[in-house]
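Below: the structure, in structure tokens.
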There are 2 protein chains.
Amino acid sequence: MATIEDVAKLAGLSRTTVSRVINNQPYVTEEKKIKINEAMKELGYVPNSSARRLRSQRTETIAVLLPRVTNPFFGQLIESLEQKASDYGYQVIVCQTHDKKYKELDYLQLLKTKQVDGVIMASLTNEWMDIEPFLDSGPIVLCNEYMETQDVTMIHIDHKQAAYDAALHLIEQGCRRIAYASGGRETYISKQRKIGFCDALREHNMWLSKELEINEVLDVGDGQTTFQYLKVHQPEVDGIFTGSDEVAAGIVYAASKEGWRIPEDLAVVGFDNQMLSLLMVPAITTIEQPVEQIASKTIQVLVDQIKNKLSAPTQRFVYPYELIKRKSTDCNTVKKTAR
Amino acid sequence: MATIEDVAKLAGLSRTTVSRVINNQPYVTEEKKIKINEAMKELGYVPNSSARRLRSQRTETIAVLLPRVTNPFFGQLIESLEQKASDYGYQVIVCQTHDKKYKELDYLQLLKTKQVDGVIMASLTNEWMDIEPFLDSGPIVLCNEYMETQDVTMIHIDHKQAAYDAALHLIEQGCRRIAYASGGRETYISKQRKIGFCDALREHNMWLSKELEINEVLDVGDGQTTFQYLKVHQPEVDGIFTGSDEVAAGIVYAASKEGWRIPEDLAVVGFDNQMLSLLMVPAITTIEQPVEQIASKTIQVLVDQIKNKLSAPTQRFVYPYELIKRKSTDCNTVKKTAR
DNA sequence: TTGTAGGCGTTATCAG
DNA sequence: CTGATAACGCCTACAA
């Protein structure tokens with residue numbers, strides 16, 4: 001492995017000058033610059049990044065914490081984050097927490113040990129008081145997740161209002177016994193959704209009964225299980241709001257298999273507007289998040305915080321979402337005809 | 001930021017001794033060990049990873065090159081890779097090439113600049129002669145992709161045979177004009193699939209006509225477009241093999257919308273056995289790859305190569321796949337009744 | 001069992 | 001414009 005020293009020797013110049021050329025600094029004769037470039041090429045020299053990191057105290061790397069990449073929403077998110085980061089010259093380390101508190105904290109160590117310049121948290125299962133200390137080691141930005149605190153910049157949509165809209169839509173479609181299936185994590189975001197959902201119900205003299213609230217529902221399989229539960233224990237259910245399109249798809253799949261009609265017998269709303277929600281038969285009503293914009297802003301903010309070490313004022317960026325109405329809630333027909 | 005020096009001072013000992021404690025090395029009195037641990041805690045000391053990297057010449061990081069995370073197959077792959085790598089104490093950097101040769105080469109620089117200890121290529125669009133030089137900088141393993149060369153370890157299924165099986169299945173179902181939709185990249189793997197596909201046809205006195213071969217078909221949208229093309233220009237088509245479940249789903253979606261019956265009017269085969277293929281109506285016949293096993297072996301091999309710097313003999317690991325037959329090719333009924 | 005000292009490859013400072 | 005020289009923080013012979 002050729003080092004800067006080797007290049008210097010070969011070019012008959014000093015390390016300093018070589019370094020200047022590498023970093024495009026001024027004050028180097030064109031002539032010597034050429035000589036150095038030749039030497040570098042001849043030796044196949046590439047600067048050693050570990051040494052650079054040590055010297056410059058920067059890693060040009062960002063950690064992205066998220067539950068799992070296989071959830072298409074996070075897949076989309078990391079695709080955009082990586083791309084945007086790459087544009088800024090940053091690399092991205094994937095950190096799957098699988099909703100485990102200890103994994104989340106383990107990965108935050110990357111910040112402490114200076115393996116990354118900043119962290120994006122799209123997974124947030126710990127209490128804020130356990131996260132906060134890490135702010136001393138470098139910038140953290142919340143993406144999609146959010147909370148009450150003012151200590152950190154957050155980029156997200158208004159999940160409470162989104163859930164409210166979805167619930168309202170189900171009510172307007174004639175649903176009267178609406179179930180609520182949420183992801184497992186007791187995060188702020190899922191609490192917000194539940195509040196919005198319940199608000200809409202309350203305004204129409206309804207409420208979410210314990211039996212219609214199902215937790216820890218994360219993927220297609222869980223959706224199928226959820227339907228089986230409802231079918232057996234809550235056959236009167238006529239609508240359901242879910243935390244993700246995968247869950248919604250699982251429900252639609254299982255329900256159809258059992259001869260229930262969607263939406264006549266059961267109206268279903270998903271979340272995230274994944275391709276899947278469009279492809280299902282019937283297509284699933286869902287909430288669209290502007291993933292790319294969110295990702296873009298997240299990187300922009302984080303990179304900015306990394307560069308301007310002065311703790312900039314934290315901000316909150318709330319992006320608009322859209323309720324996309326599809327067949328799975330299109331109840332023009334009479335609800336609940338003989339099943 | 002506290003350094004090892006600070007800890008040493010506070011504990012009244014030398015850097016060496018502190019280093020020994022950090023790295024769990026023997027020859028330290030229990031008493032001093034305790035003292036040092038206390039000092040570390042008091043200072044909130046964590047070893048600086050850049051310095052460690054420089055000193056040890058290891059980064060404990062692996063780069064994974066793949067086309068895009070949003071393709072669910074690669075999503076699954078990276079989920080498993082990251083998890084497995086994490087078990088071995090390695091981090092994973094995501095590198096999306098978007099099938100661009102230059103991006104692939106850019107990311108390979110990570111190996112040269114010692115930012116990673118090894119590279120997993122699940123994307124391979126460059127010629128091997130352009131990749132090979134990078135082997136001097138560190139180990140590379142091909143995952144899912146493969147070629148003729150013997151210079152590198154490869155982990156994959158037999159794509160040629162898989163495509164053969166799929167084609168044969170379509171033929172057995174009575175298809176006589178079978179289209180072939182492949183991903184865009186002119187990779188070895190897609191060439192293999194095409195060979196297998198054509199072999200099956202030839203053995204039954206058929207062949208792939210230019211008009212039935214569609215390239216650059218990558219996602220659901222492309223699948224829809226493909227169907228539109230076939231409908232207009234090749235209405236006699238009665239079966240299609242696709243390179244991915246997303247494409248297959250797009251075709252099924254578009255075809256159903258246009259009133260074509262699947263599989264009676266058009267039998268469809270996907271690839272990868274993503275959840276999507278099961279959820280579609282009708283469910284899509286597909287090829288299942290043992291992603292987790294592939295990922296697991298890939299990490300194992302790469303880590304092994306990283307540790308045993310001696311160039312171990314390269315190997316080829318071929319895993320079994322499975323043709324999963326579903327409704328989209330279940331042509332027991334007469335083919336091509338009035339459309 | 002503990003400490004000393006040198007160097008991993010770069011870059012920043014300062015003097016020429 | 002160019003070049004010594006000193007860090008960055010850690011590990012590891014080697015010596016004690």
Side-chain angles (χ1 to χ4, degrees), chain A residues 1-37 39-40 43-61 109-117 137-138 309, chain B residues 1-37 39-40 43-61 109-117 137-138 309:
Chain A
M1 221 40 249
T3 76
I4 200 172
E5 175 80 50
D6 302 328
V7 177
K9 259 186 209 144
L10 182 61
L13 291 162
S14 76
R15 286 180 296 182
T16 314
T17 313
V18 177
S19 177
R20 287 216 179 83
V21 173
I22 295 171
N23 299 294
N24 289 314
Q25 284 172 21
Y27 307 127
V28 183
T29 335
E30 197 59 33
E31 173 205 1
K32 311 214 162 164
K33 199 180 275 184
I34 291 170
K35 199 184 262 175
I36 289 174
N37 277 318
M40 293 204 294
L43 293 171
Y45 168 79
V46 265
N48 176 309
S49 102
S50 300
R52 280 195 142 161
R53 287 182 177 210
L54 176 57
R55 184 61 237 228
S56 66
Q57 311 283 26
R58 286 178 295 99
T59 66
E60 240 97 77
T61 304
Q109 287 291 333
L110 294 175
L111 201 56
K112 265 201 171 171
T113 57
K114 303 290 175 214
Q115 300 195 61
V116 299
D117 293 340
S137 309
K309 302 258 179 182
Chain B
M1 221 40 249
T3 76
I4 201 172
E5 176 80 50
D6 301 328
V7 177
K9 258 185 209 144
L10 183 60
L13 291 161
S14 76
R15 287 180 297 178
T16 315
T17 313
V18 177
S19 176
R20 290 216 177 85
V21 172
I22 294 171
N23 299 295
N24 288 313
Q25 285 171 18
Y27 307 126
V28 183
T29 336
E30 197 58 34
E31 172 205 1
K32 312 213 161 164
K33 199 180 277 184
I34 292 170
K35 200 184 262 174
I36 288 175
N37 277 318
M40 293 203 295
L43 293 170
Y45 169 79
V46 266
N48 176 309
S49 103
S50 300
R52 279 194 141 159
R53 287 181 178 212
L54 177 57
R55 182 57 233 232
S56 65
Q57 309 284 25
R58 287 180 296 99
T59 66
E60 239 97 75
T61 304
Q109 288 290 333
L110 294 174
L111 201 56
K112 265 202 171 169
T113 55
K114 303 288 175 216
Q115 299 194 62
V116 299
D117 294 339
S137 310
K309 302 258 178 181

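Per chain, numbering begins at 1; letters A, B, ... match sequence-line order. Because the structure is a prediction, the values reported are computed rather than measured.
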Quick check for you: among dG7(C), dT2(C), dT11(C), whose closest atom lies nearest to any side-chain atom of Lys32(B)?
dT2(C)

Any chance you could lay out the side-chain hydrogen bond (donor to acceptor under 3.5 Å, both in side chains) test for Arg53(B) and Thr61(B), step after step, and finish with the verdict?
CA-CA 10 Å; Arg53(B) 287 181 178 212; Thr61(B) 304; 3.2 Å; yes

Can you sort out the partners of Arg15(A) under salt bridge (Lys or Arg N to Asp or Glu O under 4.0 Å), two or more places apart, ordered by chain and number?
Glu5(A)

5′-ward residue of the pair Leu13(B)/Ala51(B) relative to DNA chain C:
Leu13(B)

Rounded distance (Å) that lies between atom C1' of dT10(C) and atom CD of Gln57(B)
13 Å

Please report the C-alpha distance between Asn23(B) and Arg52(B) in whole Å, then the side-chain angles of each, then the deciding distance to 0.1 Å, and finally whether the side chain to side chain contact (heavy atoms under 4.5 Å, CB included) criterion is met.
CA-CA 11 Å; Asn23(B) 299 295; Arg52(B) 279 194 141 159; 3.0 Å; yes

For the residue pair Tyr45(A) and Ile4(A), establish whether any side-chain heavy-atom pair is separated by less than 4.5 Å.
yes

Determine the contact category for Pro47(A): base if any of its heavy atoms lies under 4.0 Å from a base atom, sugar-phosphate if only primed atoms, P, OP1 or OP2 are that close, otherwise nothing.
sugar-phosphate

Span of DNA chain D engaged by chain A, first through last nucleotide within the 4.0 Å heavy-atom cut-off, is dC1(D) to dG9(D)

Note: Asn48(B) and Gln57(A) closest approach over all heavy atoms is ND2-OE1, 4.2 Å

Look at the side-chain N and O atoms of Ser19(A) and state whether any lies under 4.0 Å from the OP1 or OP2 oxygen of dT11(C).
yes

To the nearest angstrom, how far is Leu54(B) atom CG from dT10(C) atom C1'?
8 Å

With hydrogens left out and only the distance checked, is there a donor-acceptor pair under 3.5 Å joining Thr3(A)'s side chain and the base of dT10(C)?
no

Any base atoms under 4.0 Å from Gln25(B), or only sugar-phosphate, or nothing? Heavy atoms, all strands.
sugar-phosphate

Once you round it to whole Å, what is the distance between P of dT11(C) and CG of Asn24(A)?
12 Å

Apply the side-chain contact (heavy atoms from CB on, under 4.5 Å) test between Lys112(B) and each candidate in Lys114(B), Gln109(B), Gln115(B); give the one that qualifies.
Gln109(B)

Could you check how far NZ of Lys9(B) sits from C1' of dT4(C), rounded to whole Å?
16 Å

Kindly determine whether Ser19(B) and Thr16(B) satisfy side-chain hydrogen bond (donor to acceptor under 3.5 Å, both in side chains), including the steps that lead there.
CA-CA 5 Å; Ser19(B) 176; Thr16(B) 315; over 6 Å; no

Within the structure, does a side-chain N or O atom of Arg53(B) lie under 4.0 Å from either OP1 or OP2 of dC8(C)?
no

Closest-nucleotide mapping onto DNA chain D: is Thr16(A) or Ser49(B) further toward the 5' terminus? I mean the 5' end.
Thr16(A)

Starting at atom CD1 of Ile4(B), determine the distance to atom P of dG3(C), rounded to an integer number of angstrom.
12 Å

For the residue pair Ser50(B) and Thr59(A), what are the closest heavy atoms and their distance?
OG-CG2, 4.4 Å

What nucleic acid atoms does Thr17(B) come within less than 4.0 Å of, heavy atoms only: base, sugar-phosphate, or nothing?
sugar-phosphate

With a 4.0 Å cut-off on heavy atoms, is Val7(A) in touch with a base, just the backbone sugar-phosphate, or nothing at all?
nothing

On the side chain of Arg20(B), is there an atom forming a donor-acceptor pair with the base of dG3(C) - under 3.5 Å, no angle test?
yes

For Arg55(A) and dG7(C), give me the distance from atom CZ to atom P, rounded to whole Å.
18 Å

Kindly calculate the angle separating the two end axes of the helix from dT1(C)-dA16(D) to dG16(C)-dC1(D), each obtained from five base pairs, and round it to 10 degrees.
40°

For the residue pair Val46(B) and Thr113(A), what are the closest heavy atoms and their distance?
CB-CG2, 4.2 Å

Relative to the 5' end of DNA chain C, which residue comes earlier, Tyr27(B) or Ser56(B), by the nucleotide with the nearest heavy atom?
Tyr27(B)

Least distance between heavy atoms, Val21(B) atom then Met40(B) atom:
CG1-CE, 4.4 Å

Using a cut-off of less than 4.0 Å, is there contact between a side-chain N or O of Asn23(A) and OP1 or OP2 of dT11(C)?
yes

